[in-house]
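Written out below as structure tokens is the structure these notes cover.
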Amino acid sequence: MSIAKTYLPKEAEEKWYSYWLDNNFFRSVPDEREPYTIVIPPPNVTGVLHMGHMLNNTIQDVLIRRARMKGKNACWVPGTDHASIATEAKVVAMLKERGISKKDLTRPEFLAYAWEWKEKYGGIILEQLKKLGASCDWERTRFTMDEELSEAVIDTFIHLYKKGWIYRGIRMVNWDPQGKTAVSDEEVIRKEVNQKLYYIKYAVSPKSEVLSQESTQDSGLKTQDYLTVATTRPETIMADAAICINPNDERYTHLHGKKAFIPLINREIPVILDEYVTMDFGTGCLKVTPAHDLNDYELGQKHNLPVIDILNDDGTLNEKAQILVGEDRFAARKKIVALLEEAGALDKVEEYKSQVGFSERTNAVIEPKLSMQWFCKMEEMAKPALDYVLNGDIKLIPEKFGNTYRHWMENVRDWNISRQLWWGQQIPAWYLPNGEYIIAKTREEAFEEAKSLQPQISNLKSEDLVQDEDVLDTWFSSWLWPISVFDGFKDPDNADINYYYPTNDLVTAPEILFFWVARMIMAGHEFRGEIPFKNVYLTGIVRDKLGRKMSKSLGNSPDPLDLIEKYGADGVRVGMLLSSPAGNDLMFDESYCEQGRNFYNKLWNAFRLVKGWEVDEKLPNPNQIAIDWFDSRFNEALIEIEDNFAQYRLSEALMVTYKLVWDDFCAWYLEMIKPVYLQPIDKQTYNRTITFFENILKILHPFMPFITEELWHDELFGKRTTMDCCIVAQLPTNGEINSQLLGNVEIVKQIITHIRNIRNSKQISPKEALTLSVKANSGIDYSSYKTIIARLANLSELNLINDKISGASSFLISTDEFYVPLNENIDPLAEAERLQKEKEYLNGFLRSVNAKLSNERFMSNAKPGIIEVELKKKADAEAKLKILEESLSALAS
RNA sequence: GGGAGUUUAGCUCAGCUGGUUCAGAGCAUCUGCCUUACAAGCAGAGGGUCACUGGUUCGAACCCAGUAACUCCCA
């Protein structure tokens, strides 16, 4: 035999992937078949494949391949996301390496570099997906900044603006001083950080105006009167607008109505009262810094405090700080602490743990900052989007995410859609010299509109209009993805969108349930009056063995391509799926891939076995029972697999398939029919076995596309035409199941296991043939299973008897007795002990059954079926006990 | 601080409407095997106080309450 002992994936993977491409098996165009559609969650255009992608895309590919093999018109649309912040950050870094600063470039110049970068690195991740076997319709590849998609984004913006859902406003935003942009709440990662809590003394003004009698009485305290505040951000004291205390705080009644001086700069600020202040945190005196803290901002609004912003966009201090101007906020913090200490204004410093926000993209500490931003109102769009999920039009899998979804949708906040970046769709707002703005698709349209709206500005020229510098949040383009990939905005009634939309399944991570999934549902409703997809399969997060999220910075993530190199794409796919029930995080370990590799190798070797057989046409078929059994077993498994897929339990579906192939097919069926070495096999068994094998290749294909395609084309299965491929083979449909046969073979397997066990414990070589005598008290006809038992347990004979045999090793299956006479007689004492133990167990069992049956309340409350079962248990146990008794007395005699 | 979730074998997880001899699977472990498809394998075995405490029920891994630990979301 010249076939390699192990399957070598690499060559087959390259061969079959290009074969599928060359013959357009991934291509989908609308036709009369039922569509099955998935749009890929577009990965970042400059990203590289990580384990999360592997999981996500393996699942999508399994679903799409299965749909294709069920005769549906399967369409998987790939593409990438322009990922404004991440990509711009990468381009800026690349330019910096070349000695170019973004500041020195014009917008068009910068964008030219960015496009150049995108063209160079943009395709990488999609190329990597091909290695995994992803069967996307690559001709449909889209990019969120493709012309049509960008146009859709702008049109959408205008549409929503006209509806009054987009507005401009000053808001406290999460400012990323490194990316120099606002980021959404969802893009801020909060981490607990060890910080210091600084206690700073503010001098209380000696000449505070006397507002109440109370305070005059306290004036025994002289000029050197201080109040102390605790803060983690001493560098912001120059932006303080007030000191706030709780009016109920008895320690500070003497401060009511007074003023205090900010140390170092000696600016006077009022002491205000508000119950917002927690009395037992810090000193109970809170410095109020409206420009640099969200809560302080709200407090400031309430008390009409001035907003003093002392930070530049890059996180350095500006001239309003008066001191340390130009210093970075963290450097300033250190310096100011020293200055305070020098001035005697630092009381003490404590260690303190608190939550600090970091930018997801740049990892910079987020700075709360007031700025003019564009917002999109969410409330009205959230309502229908919530209903679709609540009423089941859209199913979240697993269902538990429904709660989280509802909670978010009911408490939705307006969406900050502007980003202070260049890479992305520039906001179509055009400012007039007087500061007013016009929303229009182009400069020309804006100019026309300006002229008609404001005829008084007679000398207005088109060049006078200034477009808003900001771009839109990336999610503002990706929320349109399921519609825009089919050109549903440009051409809302085209054949593709009518055929493919709504799509079927969306496979994505729960982390983006809100800012992507929920918004796609809103967009689907708003722009097509329809849901964008029917099911949302939420994958878990890929974690390492220790439960840590896999990430580049931790260095705990294997390179997916290395894994494919090592275990083959099929092995990695199986490995990903083995460990990933829907919605649960996945504790990934390479050993799962190893298990996957071992599995396809098992299949490979089963193939080698069958491939090596010679057929003798004249031989009769001795294996009809084995064939009928496996046929039934296969059909039974098909139902289980279908059922698991219907519930999106992909791991379970794979496990059923795995056990069907490894245990039922290889370990049992092939061993049952395997001819003695170098002996030929009969034609009928051979043909049936090949059919079984082909069906196994089909059900395995979605999980392991490459090896199944490779084997599919072997001449063992006959001549194939060009288009006769496993990838488009029709999945086998359910056939008949002979449950009685399945039950009997289970007993036969037990018999074989018992005999093998006797061999093991008595150290009898498998080569030494034994005899088996059966006293069948049940109605099972063991003679028909003679061949199978004899072969798998190596028996020289199998007798049906009517009387017990003494001195033989024995076992009991249900009420049937089995005897294996051995050369040396078994120890009657040990045998008696074994029987006695079994008897005790049965007696105990019987007692509990009887207790139930004699319990009046059980008999009156339990459903009739349950009582029947208990009665059957009782009868079985009693019958078994009787046999045990007999065996025991036979031993004694 | 508010909300959600999780806890079953060494590991990763099933266990559906409370009821079958219900305590399961895969991996790992242990024992014995190079038995001509496969040592990436074969045969067999061991392993759990279903987190803890109480309650409801004829009957609880499952329902209820409390406790503990962990995770996530929001503030």
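In what follows, every chain begins at residue 1, and chains take the letters A, B, ... in the order their sequences are listed. For the numbers below, each heavy atom of this structure counts, side chains included, while hydrogens, waters and symmetry mates do not.
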With P as the reference atom in both, quote the distance from U35(B) to U29(B) in angstrom, rounded to an integer.
22 Å
N/O (side chain, Arg649(A)) to phosphate O (OP1/OP2, G15(B)) under 4.0 Å:
yes
Across all strands shown, which nucleotide pairs with C27(B) by Watson-Crick or G-U wobble geometry, both distances under 3.5 Å?
G10(B)
So, OP1 or OP2 of C72(B): does either fall under 4.0 Å of a side-chain N or O from Trp408(A)?
no
At less than 4.0 Å, is any side-chain N or O atom of Tyr658(A) found next to OP1 or OP2 of C27(B)? Yes or no.
yes
Return yes if the base of C58(B) and the side-chain atoms of Lys852(A) contain a donor-acceptor N/O pair under 3.5 Å, otherwise no.
no
Counting only Watson-Crick pairs (N1-N3 plus N6-O4 or O6-N4) and G-U wobbles (N1-O2, O6-N3), all under 3.5 Å, who is the partner of C16(B)?
none
What does G46(B) pair with, Watson-Crick or G-U, if both distances are under 3.5 Å?
none
Where is the tightest heavy-atom contact between Ala12(A) and Glu710(A), given as atom of each residue plus distance?
CB-OE1, 3.6 Å
Correct closest heavy-atom pair for Phe599(A) and Thr657(A) would be CZ-O, 4.5 Å
With a non-hydrogen cut-off below 4.0 angstrom, is Asn601(A) in contact with a base, only sugar-phosphate, or nothing?
base
Rounding to the closest angstrom, what is the interatomic distance between A61(B) and A9(B) at atom P?
15 Å
Does the side-chain contact (heavy atoms from CB on, under 4.5 Å) test come out yes or no for Thr289(A) and His292(A), once each step is laid out?
CA-CA 6 Å; Thr289(A) 320; His292(A) 301 291; 4.1 Å; yes
Is Leu842(A) touching bases, backbone alone, or none of the nucleic acid, heavy atoms closer than 4.0 Å?
base
Taking U8(B) as the reference, what is the distance to A14(B) when you measure between their P atoms (whole Å, please)?
11 Å
Does Asn757(A) have a side-chain nitrogen or oxygen under 4.0 Å from the phosphate oxygens OP1 or OP2 of A45(B)?
yes
With distance as the sole criterion, is a donor-acceptor pair present between the side chains of Asn794(A) and Glu768(A) under 3.5 Å?
no
Sugar-phosphate only, base, or nothing, as touched by Glu652(A) at under 4.0 Å among non-hydrogen atoms:
sugar-phosphate
Hydrogens and angles aside, do Thr539(A) and Asn56(A) bring a side-chain donor and acceptor to less than 3.5 Å of each other?
no
Below 4.0 angstrom from OP1 or OP2 of G44(B), is there any side-chain N or O of Thr753(A)?
yes
Both distances under 3.5 Å, Watson-Crick or G-U wobble: report the partner of A51(B), or none.
U67(B)
Between Lys400(A) and C72(B), is there a contact of a side-chain N or O with OP1 or OP2 at under 4.0 Å?
no
Kindly say whether the aromatic ring centers of Phe665(A) and Tyr669(A) come within a distance under 6.0 Å.
yes
Rounded distance in Å between the C1' positions of G10(B) and C74(B):
37 Å
Can you check the distance between G44(B) and C50(B), where both ends of the measurement are the P atom (answer in whole Å)?
29 Å
For Trp662(A), is the NZ or CZ atom of Arg633(A) found under 6.0 angstrom from the centre of its six-membered ring and inside 45 degrees of the ring axis?
no
Short side-chain N/O contact from Asn598(A) to OP1 or OP2 of A40(B), under 4.0 Å
no
Answer yes or no: does a side-chain N or O of Arg608(A) lie under 4.0 Å from OP1 or OP2 of A37(B)?
no
Is the base of A40(B) touched by the side chain of Arg597(A) through a donor-acceptor pair closer than 3.5 angstrom?
yes
Assign each of His407(A) and Ala606(A) to its nearest nucleotide of RNA chain B by heavy atoms, then name whichever residue's nucleotide is nearer the 5' end.
His407(A)
A60(B) pairs with, by Watson-Crick or G-U criteria that keep both distances under 3.5 Å
none
Tell me what Lys872(A) touches on the nucleic acid: a base, only sugar-phosphate, or nothing, going by heavy atoms under 4.0 Å.
nothing
For the pair made of CZ in Arg759(A) and P in U35(B), what is the distance, rounded to whole Å?
16 Å
Using OP1 and OP2 only, check whether a side-chain N or O of Arg756(A) sits under 4.0 Å from U31(B).
no
Is there a donor on the side chain of Glu671(A) or the base of A37(B) sitting less than 3.5 Å from an acceptor on the other?
yes
OP1 or OP2 of C33(B) versus the side-chain N and O atoms of Lys767(A): is any pair under 4.0 Å?
no
For Trp662(A), report the nucleic acid contact type (base, sugar-phosphate, nothing); a contact means any heavy atom under 4.0 Å.
sugar-phosphate
C16(B) and A60(B): how far apart are their C1' atoms, nearest whole angstrom?
16 Å
Which value, in whole Å, describes the distance between the P atoms of nucleotides C64(B) and G18(B)?
11 Å
Tyr592(A), nearest nucleotide to its side chain (from A43(B), U12(B), A25(B)):
U12(B)
Euclidean distance for C1', U36(B) against C42(B) (whole angstrom)
13 Å
Respond yes when some side-chain nitrogen or oxygen of Lys602(A) is under 4.0 Å from OP1 or OP2 of A40(B), and no when none is.
no
Taking all non-hydrogen atoms of both residues, which atom of Lys611(A) and which atom of Leu716(A) are closest, and how far apart?
CA-CD1, 4.2 Å
